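One-based numbering, in listed order, for ligands and for the atoms of each. These figures come from a predicted structure and were not determined experimentally.
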Amino acid sequence: MEELETTCRIRPGYANGGCAGLLEARDLCKRFGRSGVLAVDRASFRAEAGEIFGLLGENGAGKTTTLRLLATILQPTSGNALINGIDLVRDPGEIRRQIGAVFAEPSVYDRLTPREHLRYFGDLHDLPRRQVVARSTELFRRLGMEEYADRRSGQLSRGMKQKVALARAWLTDPPVLLMDEPTAGLDVLSTQVVEEFMSEARAAGKTVIFCSHIMSQVEKLCDRVAVIHRGAIIAEGTVADLKSRFTQERFEDVFVRLVGDKP
Ligand SMILES: Nc1ncnc2c1ncn2[C@@H]1O[C@H](COP(=O)(O)OP(=O)(O)OP(=O)(O)O)[C@@H](O)[C@H]1O
Ligand SMILES: [Mg+2]
C-alpha cells in the first residue's frame with residue numbers, strides 16, 4: 001500500500017495531460033538501513049521524451065528499488081534524479097504529479113471498487129469528475145474490466161488487481177510512466193493492451209521506464225535498455241548495439257554474458 005499512501009500528498013492543480021517527459025537519474029544510491037544492503041549503487045541513466053527505456057537485471061538487481069526511488073516511495077541515500085526538469089529530492093510532491101507508477105505487486109484498497117479507486121485518485125489529482133468518468137470508462141473498456149468495475153477489489157484475482165493498478169497509473173495521463181513488470185500475471189489480451197499503451201505513450205512524447213524479465217517484450221518495445229547488476233548500471237544502449245557489442249544473435253545471450261559471469 002506504500003505507493004497509495006504517497007499519492008495522497010499530491011498537490012492540487014494537476015494539468016499534465018499530453019506533456020512530454022524526460023528522466024535523468026544521477027548517481028542514485030539506496031542502502032537499506034537494517035540489512036545494510038546497497039540495493040542501488042550510483043545508478044545514472046537518462047531516458048528521453050518519446051522513449052521506452054528498459055531497466056533489466058536479475059532478481060534482486062535493484063530494478064524495483066530504483067523505480068521506488070523515482071516514484072518517491074523511498075528516499076535515496078545519496079544521488080538525485082530530474083523528472084521533467086523537477087528535482088526528485090527537493091520537490092517530491094511535484095514529482096508525483098509527473099509520474100504514473102505500476103509495481104509487480106499490485107497494491108489496491110480492498111474495500112474500494114475499481115471505479116471508486118479511479119474516482120478517489122482523480123479527486124487527489126483534482127481532475128474534473130466528468131473527465132475521470134470518461135477516462136475510467138475508456139480504461140475499463142480497453143482493459144476488459146467493465147464486468148467487475150463495481151466489485152470490491154479485495155474479491156478480485158491478482159491479474160484483475162493489476163489492472164486496477166494500471167488504470168490508476170494511466171488515469172491522469174502523466175508524462176512519465178514507471179512500469180515495473182506491468183504485464184506479470186496478465187492474460188494475453190491484457191498484455192497486448194499494456195504494450196499498446198506503452199507504445200502510445202512513447203508516440204505522445206512521454207517517457208516510459210520499463211522493467212521486465214520477458215526478453216522478447218524488451219526487444220519488441222524498448223528503444224534503449226540499461227542492465228543493472230548488484231545495483232550498478234553495467235551496460236546501456238539499444239538492443240541492437242548490445243547484440244553487436246557482445247557478438248550475440250539473441251538478446252538473452254547478451255544478458256547472460258553481461259551478468260552470468262559476474263560475481
Ligand atoms: N525494503 C527492503 N529492505 C531491505 N532490503 C531490500 C528491501 N527492498 C529490497 N531490498 C533488497 O534490495 C535488493 C534489490 O531488490 P529489488 O527488489 O530492487 O530487486 P529487483 O531487481 O526488482 O528484483 P526482481 O527481479 O526479483 O523483482 C535485494 O537485495 C533486496 O533484498
Ligand atoms: Mg522487482
Can you tell me which residue and heavy atom of the protein come closest to [atom], and the distance to 0.1 Å?
{"atom": "atom 26 (O) of ligand 1", "value": "N59 ND2, 3.0 Å"}
{"atom": "atom 28 (C) of ligand 1", "value": "G60 O, 3.8 Å"}
{"atom": "atom 30 (C) of ligand 1", "value": "V37 CG1, 4.9 Å"}

Go through ligand 1 atom by atom and flag the ones less than 4.0 Å from a non-hydrogen atom of [X].
{"X": "A61", "result": "19 (O), 20 (P), 21 (O)"}
{"X": "H213", "result": "25 (O)"}
{"X": "E181", "result": "27 (O)"}
{"X": "S35", "result": "4 (C), 5 (N)"}

Within the protein, is there a heavy atom lying under 4.0 Å from atom 14 (C) of ligand 1?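 Flag for atom 14 (C) of ligand 1 set to true, protein heavy atom closer than 4.0 Å.
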For atom CZ of R42, decide whether the heavy atoms of other residues, nucleotides or ligands shown that lie under 6.0 angstrom number more than 12.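 For R42, atom CZ is not crowded (no more than 12 foreign heavy atoms under 6.0 Å).
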Test item, [X] contacting ligand 1 (heavy atom, 4.0 angstrom):
{"X": "G62", "value": "yes"}
{"X": "E58", "value": "yes"}
{"X": "R34", "value": "no"}
{"X": "K30", "value": "no"}

Angle between ring planes, Y109 versus Y120, binned at 30° and 60°: parallel, tilted or perpendicular?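 Plane angle over 60°, so perpendicular.
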D241 with R224: basic N within carboxylate O range, under 4.0 Å: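 No, D241 and R224 are not salt-bridged.
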Answer yes or no: is there an ion pair linking E138 with R135, defined by an N-O contact shorter than 4.0 Å?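 Looking at R135 together with E138, the answer is yes, because their closest N to O distance falls below 4.0 Å.
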What are the two closest non-hydrogen atoms of [X] and [Y], and how far apart are they?
{"X": "L88", "Y": "L70", "value": "CD1-O, 3.5 Å"}
{"X": "A149", "Y": "P114", "value": "O-CD, 3.3 Å"}
{"X": "D123", "Y": "R129", "value": "OD2-NH2, 2.9 Å"}

Ligand 1 and [X], any nitrogen or oxygen pair closer than 3.5 angstrom?
{"X": "A39", "value": "no"}
{"X": "K63", "value": "yes"}
{"X": "F32", "value": "no"}

Nearest 0.5 Å, what's the [atom1]-[atom2] distance between [X] and [Y]?
{"X": "L82", "Y": "Q98", "atom1": "CG", "atom2": "CD", "result": "11.5 Å"}
{"X": "L23", "Y": "L177", "atom1": "CG", "atom2": "CG", "result": "11.0 Å"}
{"X": "I52", "Y": "M198", "atom1": "CD1", "atom2": "CE", "result": "5.5 Å"}
{"X": "L56", "Y": "I228", "atom1": "CG", "atom2": "CD1", "result": "10.0 Å"}
{"X": "L139", "Y": "E146", "atom1": "CG", "atom2": "CD", "result": "11.0 Å"}

Closer than 2.8 Å to the Mg ion (ligand 2), what protein N/O/S atoms do you find?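 As for protein N, O or S atoms lying under 2.8 Å from the Mg ion (ligand 2), they are T64 OG1.
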Side chains of L221 and S199: does their closest heavy-atom pair fall under 4.5 Å?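 The answer is yes, as the side chains (C-beta and beyond) meet within the 4.5 Å cut-off.
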Quick one: is the NZ or CZ of R168 closer than 6.0 Å to the six-membered ring centre of F121, and within 45° of its axis?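 Flagged: R168 positioned over aromatic ring of F121.
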Which residue from L38, T65, D180 reaches closest to atom 16 (P) of ligand 1 through any of its heavy atoms?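 Closest candidate by heavy-atom distance is T65.
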My understanding is that we take every heavy atom of each candidate and find the minimum distance to atom 17 (O) of ligand 1. Doing that for L74, L69, T64, L55, which one comes out nearest?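 That would be T64.
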